[in-house]
Protein chains: 2
Amino acid sequence: MQTQTSGKPRRPDRRRVRHEATVQEILDEAWSIAREHGVSGLSLRALARAVGMEPQSLYTYFASKHAVYDRMFADANRELLARFRQLEIPTDPAGALRATARLFMDFCTEDPARYQLLFTRAIPGFEPSPETYAVAVEVVEMGRSVLAGAGLRRDADFDLWTALIAGLASQQLANDPGGDRYTRLIDDAVTMFTAHALARKAEAAPGNS
Amino acid sequence: MQTQTSGKPRRPDRRRVRHEATVQEILDEAWSIAREHGVSGLSLRALARAVGMEPQSLYTYFASKHAVYDRMFADANRELLARFRQLEIPTDPAGALRATARLFMDFCTEDPARYQLLFTRAIPGFEPSPETYAVAVEVVEMGRSVLAGAGLRRDADFDLWTALIAGLASQQLANDPGGDRYTRLIDDAVTMFTAHALARKAEAAPGNS
DNA sequence: GTCTATATCCAGATAGAC
DNA sequence: GTCTATCTGGATATAGAC
């Protein structure tokens, strides 16, 4: 008789699907507002207006404003992670670094608000939740593994590399938003970094190859 | 009889001195609040409370909140400029770069709020006034002249250099505030940059010395 | 130069009816 | 799940008395 013993839904619950769809709609509008007014310029009232609700109704979907930021932070990191995963990484070290640097800078420059939320401390009280922070850690580990694939495993190499690329991105956004004054230096930066890091490597293990 | 013909003050007008002192007191408190709550967390109410005034009275000293930010922005740039000017710049290129990089990173890390105001776009609507912007330009030109003193005059060299150091600073503040994970890479970064830039220079002008 | 009073509007968040 | 009503407080800014 019973095709299913439990009272638990055997298909995705319609209410739940609907709920998730609304959450997504809210997040889309939140990003849209953040892009227009800056990530710290987001307000729940404006968000509710954009999505066609009263401000209070947002609390059905998010427990607080920081909860909205938290989801935005996590989603943005997941997006970056997904792009890294689908990237065809060249086998030569310099090529691998060039490709990842381009990917990262494209990600940063195409959405300054997202950059601010992820990489600067633009929202005074905000700290990602542990689950969300874990996604950010995954992104960092992905970057670290790309560098390791290029033969560079030292922490100092990784930190110098991320500083170099983050510096290009931050300068691009601060001093030439929409332009390419710094993005066009990527190849130059990669050449500089690889020469330096690989030279150090050769020096550390002389006589190899 | 009259020691002075004009009605204009022959000594610094007491009212004016007093006024400037109050302005300075307001600015000091503004920095203090910005350091505690982030530069975008500054409010005129809190500022007035800190200085012992009603919020409305601040308008005697500043025409708007942005005017406060503008003075903060200008003063911070003047401070940086003053430090550059009193810096003993070593004569060797690498030494000169090391010294300026250290100075800049110290300046950034010792006050994250100041860093945010000067180098990120943390306050959505804020743009420095033309007079204030001129001070920022002076700072950039100072940096450019240091690099030129080291024999590097290409725009690409300057941009790569500033990105590298700004990257160290931004990573330090975002990922290890209060620590030295990135500041300790300065020497490494300078070595990397000078090797790269001077090699390019030698290549551009072969046969020189 | 500072105050009271006020304007206008916004913020995030909660309670409870429907 | 959405609403009305409300709380509590904050924001920047102006007018005008003293």
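In what follows, chains are A, B, ... by sequence order, proteins preceding strands, each numbered from 1.
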* Structure fact -> Rounded to whole Å, NE2 of B:H66 lies from C1' of D:dA13 at a distance of 14 Å
* Tell me: CG of B:L44 to P of D:dG10, nearest whole Å? -> 14 Å
* Can you tell me how far C1' of D:dA11 sits from NE2 of B:H37, to the nearest Å? -> 15 Å
* **Nearest listed nucleotide, side chain of B:S57, among D:dT2, C:dC3, C:dA13** => C:dC3
* Parallel, tilted or perpendicular, as decided by the 30° and 60° cut-offs, for the rings of A:F119 and A:F107 -> perpendicular
* Under the 3.5 angstrom rule, does the side chain of A:Q116 hit a backbone N or O of A:A34 as a donor-acceptor pair? -> no
* To do: Using whole Å, report how far CD of A:Q56 lies from P of D:dT6.
  => 12 Å
* To do: Measure the shortest side-chain to side-chain distance between B:Y69 and B:L42 over non-hydrogen atoms and say whether it is less than 4.5 angstrom.
  => yes
* **Residue-phosphate contact under 4.0 Å: B:R45 side-chain N/O, D:dG10 OP1/OP2** => no
* To do: May I ask you to say what B:S43 touches in the nucleic acid, namely base, sugar-phosphate or nothing, with a heavy-atom cut-off under 4.0 Å?
  => sugar-phosphate
* To do: Using atom types as modelled and distance alone, determine if a side-chain donor or acceptor of B:D70 lies under 3.5 Å from a backbone N or O of B:H66.
  => no
* Side-chain donor-acceptor pair present, A:S57, A:T60, cut-off under 3.5 Å -> no
* Structure fact -> Taken to the nearest whole Å, NZ/A:K65 to C1'/D:dG10 is 13 Å
* To do: Write down the distance between CE (A:M53) and P (D:dG1), rounded to a whole number of angstrom.
  => 9 Å
* Starting at CD of B:E54 and ending at C1' of C:dT6, how long is that distance when rounded to a whole Å? -> 13 Å
* Where each residue is assigned the nucleotide of DNA chain C containing its nearest heavy atom, which of B:H19 and A:R49 is assigned the position nearer the 5′ end? -> B:H19
* Asked: Just checking A:Y59: base, sugar-phosphate only, or nothing, at a heavy-atom cut-off of under 4.0 Å?
  -> base
* Rounded to the Å, how far apart are A:Y61 OH and D:dT2 C1'? -> 8 Å
* If each of A:T22 and B:A63 is mapped to the nucleotide of DNA chain D with the nearest heavy atom, which maps nearer the 5' terminus, i.e. the 5' end? -> A:T22
